[in-house]
Amino acid sequence: MSTAIPTRPAGAAKPQAVVKDGSMLKQKEMISGNYARLESAVADGRKVVSTFVPGNLNELIMCFDVLNNLPEINAIQNGMRKKSGGYIMEAEKRGHSEDVCTYVKADLGMIEKGNLGPDGQKLPDPNLLLLSYTGCFTFMKWFELLRDRYNCETAMLHVPYQGDGQITQSMISYVVKQLREEVIPKMERVSGVKFDIDRLRENLARSARAEDDFVWVLNSARSKPSPIDAYFGGVYYIGPIFTAFRGTEDAVEYYQLLRAEIAERLANGQGPVTPNGDMGPERYRLVVEGPPNWTSFRDFWKMLYDDGAVVVASTYTKVGGIYDQGFRHAPAKPLESLAEYCLGCYTNRNMPSRIDLIERYMNEFEADGFLINSIKSCNSFSAGQLLMLREIERRTGKPAAFIESDLVDPRYFSPANIKNRLESYFQMIEQRRAGHAPARAA
Ligand code: SF4
């Protein structure tokens with residue numbers, strides 16, 4: 001089996017001439033197939049739903065034979081292809097402020113410039129905007145702008161915020177009621193397809209199988225050395241399950257393949273694969289909070305693996321669903337499990353729950369430190385992160401560091417600054433290991 005990671009998540013930038021693992025080839029095929037279906041949707045008479053990654057209802061969407069377009073994924077792919085900077089400038093020229101989430105501006109700029117998708121082909125207008133509201137207010141404002149533009153049907157699933165850090169039965173019932181009375185009827189109307197709950201159950205059963213293998217892969221990072229990087233590598237692993245494929249046979253096969261590949265690395269005592277091949281010896285095990293920077297993704301990753309730093313757990317790989325704490329989509333309670341899924345998304349969790357989750361990762365994955373990549377334009381993640389940093393340091397006694405960048409705005413990635421901070425952070429971990437307690441690096 002080969003041991004190289006492609007240079008891009010989700011088919012985004014030009015790959016290096018490397019041999020790809022079977023799972024990578026499979027994912028590439030899946031993503032390009034979905035774009036091809038979207039691009040020929042009008043000609044094929046297919047309807048299109050636009051929706052977001054956190055709280056996505058893929059298994060339900062599939063019941064209506066409609067296609068799934070995810071604006072954040074388009075923004076990420078355009079970021080990796082160095083196209084997002086121009087789109088963001090276009091949106092700012094039209095009055096969107098510098099502080100607005102850059103996924104939104106990359107999407108709006110792309111639409112203004114002809115709505116050409118990451119592979120240069122025109123994307124279809126949506127027939128339905130399906131907003132599953134899982135904690136980020138930006139989602140709502142984003143779809144308000146798209147609704148003004150497309151004047152199409154919209155469905156809003158209001159998911160109560162986990163203010164008390166708990167999911168109650170009344171919260172589940174509230175979401176299920178909206179699925180029954182608001183979302184499903186609208187999807188039937190837009191698609192012309194009658195809802196079939198048995199079809200939903202079959203989709204959910206496939207989701208659960210993929211989720212089992214996905215969790216196995218994430219948990220493989222408990223080993224030393226970790227056979228995966230659970231942040232930079234992790235963004236490839238979340239690709240199918242967080243996008244248009246959860247509930248498909250393709251996703252089941254992808255995670256079977258991936259699991260077999262990682263099992264082989266584990267058995268051989270190998271560390272993660274990087275764009276430059278196998279990582280050298282593992283020196284630092286980190287837990288990372290926050291989304292990655294996409295415009296300089298490879299440079300950012302290199303700053304860590306060059307120093308032997310591997311990410312053993314990350315919160316970003318939970319943004320489209322938290323499965324490693326036991327949740328699975330359940331065919332026996334189809335609508336209830338969709339509700340539980342939405343309620344449990346990372347962006348829908350309060351600060352104490354997020355801190356508890358990170359503390360568990362620090363302990364269970366035997367991390368040496370905690371790193372926050374604070375995203376300038378994502379309030380949903382960034383608010384409260386300094387408090388989080390101090391609390392994790394206090395609870396675990398492990399050093400933490402804070403760096404800042406942005407999602408897809410190339411103006412906000414400062415390589416020299418980030419590299420300096422990381423290097424002083426690694427020195428701090430070394431000093432801590434040697435029994436000293438230096439001041440915080442960043
Ligand atoms: S969670 Fe952050 S990145 Fe995602 S839409 Fe909200 S503000 Fe933007």
Indicate yes or no: does [X] engage [Y] in a salt bridge with an N to O separation below 4.0 Å.
X	Y	answer
Lys141	Glu144	yes
Lys333	Glu340	yes
Lys398	Glu393	no
Arg395	Asp356	yes
Glu366	Arg285	no
Asp65	Arg46	no
Glu282	Lys224	no
Glu188	Lys194	yes
Lys26	Glu29	no
Arg201	Asp198	yes

Has the side chain of [X] got a donor or acceptor atom that lies under 3.5 Å from a matching backbone atom of [Y]?
X	Y	result
Ser226	Ser223	no
Ser84	Asp409	no
Ser353	Arg349	no
Asn34	Met30	no
Thr102	Lys105	no
Arg246	Leu204	no

Heavy-atom pair with the smallest gap, counting every atom of Asp368 and Arg283: OD2-O, 3.9 Å

For Asn373 against Gln385, the heavy-atom pair lying closest together: O-NE2, 4.4 Å

Charged tip of Lys376 within 45° of Tyr412 ring normal and under 6.0 Å: yes

Between [atom1] of [X] and [atom2] of [Y], what distance do you get to the nearest 0.5 Å?
X	Y	atom1	atom2	value
Tyr231	Ile238	OH	CD1	10.0 Å
Cys152	Lys47	SG	NZ	12.0 Å
Thr396	Met362	OG1	CE	4.0 Å
Arg394	Arg390	CZ	CZ	12.5 Å
Ile184	Phe195	CD1	CZ	4.0 Å
Ser314	Glu289	OG	CD	9.5 Å

[X] and [Y] aromatic centres sub-6.0 Å:
X	Y	result
Tyr255	Tyr237	no
Phe232	Phe297	yes
Phe426	Tyr284	yes

Single hit among Asp278, Asp229, Asp21 for salt bridge (Lys or Arg N to Asp or Glu O under 4.0 Å) with Arg265: Asp278

CD (Gln325) with more than 12 external heavy atoms under 6.0 Å: yes

Parallel, tilted or perpendicular: ring planes of Tyr323 versus Tyr341, cut at 30 and 60 degrees: parallel

Parallel, tilted or perpendicular, as decided by the 30° and 60° cut-offs, for the rings of Trp142 and Phe52: tilted

Side-chain H-bond candidate by donor/acceptor type, Asn68 with Asn58, under 3.5 Å: yes

